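None of the values given here were measured: they were computed from a predicted structure.
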Amino acid sequence: MKSKDSATVVRTRVISPGVLWGFVGVVAFSFTLPVTRFAVEAGIPATFLGSARAVVAAALAVIALAFTRQRLPLRRLWPRLAVVAAGVVVGFPLLTSYALETTEASHGAVVIALLPAATAVIAVLRGRERPGARFWIAAGLGAVAAVAFAAVNGGGFGSFASADLLLLGAVVAAGVGYAEGGLLARELGAWQTISWALVLSAPVMLVVSAASAATEPITASPAAWGAFAYLGVVSMFLGFFAWYRGLAIGPMSIVSQVQLTQPVMSLVWAALLLGEVLRWETAVGVVAVIACAAFAVRSRR
């Protein structure tokens, strides 16, 4: 009887609402790198792509907030919203857009595989937890594996210094935004958190996108604009509804493990949508990084 009850608890944890919501968000995010790569290749400048998608999402956020008559967040929460905005609204979209001008989406997916461990590290620091030595060893090994893969697969450290440095910066930015957003969603709500972050960053992103449109010609196909729409509506807005809800329900250490599936899905989408070849180096790289990230987030438990 006791073993049966234990099995029931395990099954309940595996299909917990937090995990399910987190997985929905990860599926939405998994298309981001391939779609971004397609859009920049199709003629949408990286600066415009990274900023204007936030403007689109901010417009949707204003409509949602106004329609549901949401009250302004308390003054003490605005600095934390600024952290979320800097990480997931400004930092990650712009840095990945710049990086994917010069590298394949499959290559970017391997470096972005560090994101679950980065989110876990920042959540540990932000939550003032005391993880064991295994956690820090695994997180360090994951970083080394990602950097080594980026250098070797990109043709040396000279190549690494351009696109891959941007991708690693995107990992840090998103990790900060995810961890802080997950904590903040427990106070504001999941979709409210990303909505207020988008509204807060909208003036800056509007200026950046307008300046980019005025200086860089945009000669994009309808398919490219469709990709842009996906990034603005799903990757930048709706995906966070599910992701932040999952993190808020938690436990964050469990839900963050779901994101380990994101690079694998991104590699598949890059192969199917962009025709990118999955080389054996890429497969080895993603397995190594995911293994280290999995060990890191599991050791938090």
Intermediate values then yes/no, side chain to side chain contact (heavy atoms under 4.5 Å, CB included), W196 and Q70: CA-CA 10 Å; W196 286 117; Q70 296 292 313; 4.2 Å; yes
field: Worked check of side chain to side chain contact (heavy atoms under 4.5 Å, CB included) between T193 and F241
entry: CA-CA 9 Å; T193 296; F241 284 33; over 6 Å; no
- request: Mind running side chain to side chain contact (heavy atoms under 4.5 Å, CB included) on L167 and Y98 for me, showing each step along the way?
  value: CA-CA 9 Å; L167 289 169; Y98 290 137; over 6 Å; no
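Remark: side-chain polar atoms of R245 are not paired, donor with acceptor, to backbone N or O of W21 under 3.5 angstrom. Listed for the S209 side chain is no donor-acceptor partner under 3.5 Å among the backbone atoms of A52. No donor-acceptor pair under 3.5 Å is formed between the side chain of R37 and the backbone N or O of E104. Side-chain N or O atoms of S266 include one that pairs as donor or acceptor with a backbone N or O of Q262 at under 3.5 Å.
With a 4.5 Å cut-off on side-chain heavy atoms, V56 and R53 do not count as touching. In this structure, I44 and V40 have side chains that are not in contact, with every pair of non-hydrogen atoms separated by 4.5 Å or more. Side-chain contact check for P73 versus W78: some heavy-atom pair is nearer than 4.5 Å. Residues E187 and R76 have side chains in contact (heavy-atom distance under 4.5 Å, counting atoms from C-beta outward). No side-chain heavy atom of S97 sits less than 4.5 Å from a side-chain heavy atom of T47. With contacts defined as side-chain heavy-atom distances shorter than 4.5 Å, the pair I218/W225 qualifies.
The distance from the CG atom of L231 to the CG atom of L33 is 9.5 Å, given to the nearest 0.5 Å. The CG atom of L115 sits 11.5 Å away from atom CG of L168, with the distance rounded to the nearest 0.5 Å. With values rounded to the nearest 0.5 angstrom, M236 atom CE is found 11.5 Å from L60 atom CG. The OG atom of S212 sits 4.0 Å away from atom CD of E216, with the distance rounded to the nearest 0.5 Å. Remark: T36 OG1 to F228 CZ distance equals 11.0 Å, nearest 0.5 Å. Distance check, rounded to the nearest 0.5 Å: CD1 of I194 to CZ of F237 gives 8.5 Å.
Considering every non-hydrogen atom in both V89 and A54, the closest pair reads CG1-CB, 3.7 Å. In plain terms, the two heavy atoms of V88 and G177 that are nearest each other are CG1-CA, 3.7 Å. Between S201 and V90, the shortest heavy-atom contact is CB-CG2, 4.3 Å. Heavy-atom minimum distance, G182 versus L247: CA-CB, 3.8 Å. Considering every non-hydrogen atom in both A220 and A224, the closest pair reads CB-CB, 3.7 Å. The nearest pair of heavy atoms linking A185 to A248 is CB-CB, 3.8 Å.
By the criterion of side-chain heavy atoms lying less than 4.5 angstrom apart, applied directly or through intervening Ile, Leu, Val, Met, Phe, Trp or Tyr residues, L65 is grouped together with L81 in one hydrophobic cluster. Both L273 and V268 belong to a single network of hydrophobic side chains, linked directly or stepwise wherever heavy atoms of I, L, V, M, F, W or Y lie under 4.5 Å apart. Under a hydrophobic clustering in which Ile, Leu, Val, Met, Phe, Trp and Tyr are joined whenever their side-chain heavy atoms come within less than 4.5 Å, directly or via other members, I63 and L72 fall into different clusters. Taken together through direct or relayed side-chain contacts under 4.5 Å among Ile, Leu, Val, Met, Phe, Trp and Tyr, V62 and V207 form parts of separate hydrophobic clusters. Under a hydrophobic clustering in which Ile, Leu, Val, Met, Phe, Trp and Tyr are joined whenever their side-chain heavy atoms come within less than 4.5 Å, directly or via other members, L272 and V234 fall into the same cluster.
Between the side chains of Y230 and T32, not a single donor N or O lies within less than 3.5 Å of an accepting N or O.
The aromatic rings of Y244 and Y178 stand perpendicular to each other, their planes meeting at an angle above 60°, with 30° marking the opposite boundary.
Aromatic ring centres of W243 and F240: separated by at least 6.0 Å.
With L166 as the fixed residue, the side chain to side chain contact (heavy atoms under 4.5 Å, CB included) test singles out one of V171, L94, T103, L95: L95.
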Identify each donor-acceptor pair in which a side-chain atom of residues 22-30 lies under 3.5 Å from a protein atom, sequence neighbours left out, and give them as a table.
| unit_1 | atom_1 | unit_2 | atom_2 | d |
| --- | --- | --- | --- | --- |
| S30 | OG | V27 | O | 2.7 |
| S30 | OG | W269 | NE1 | 2.8 |

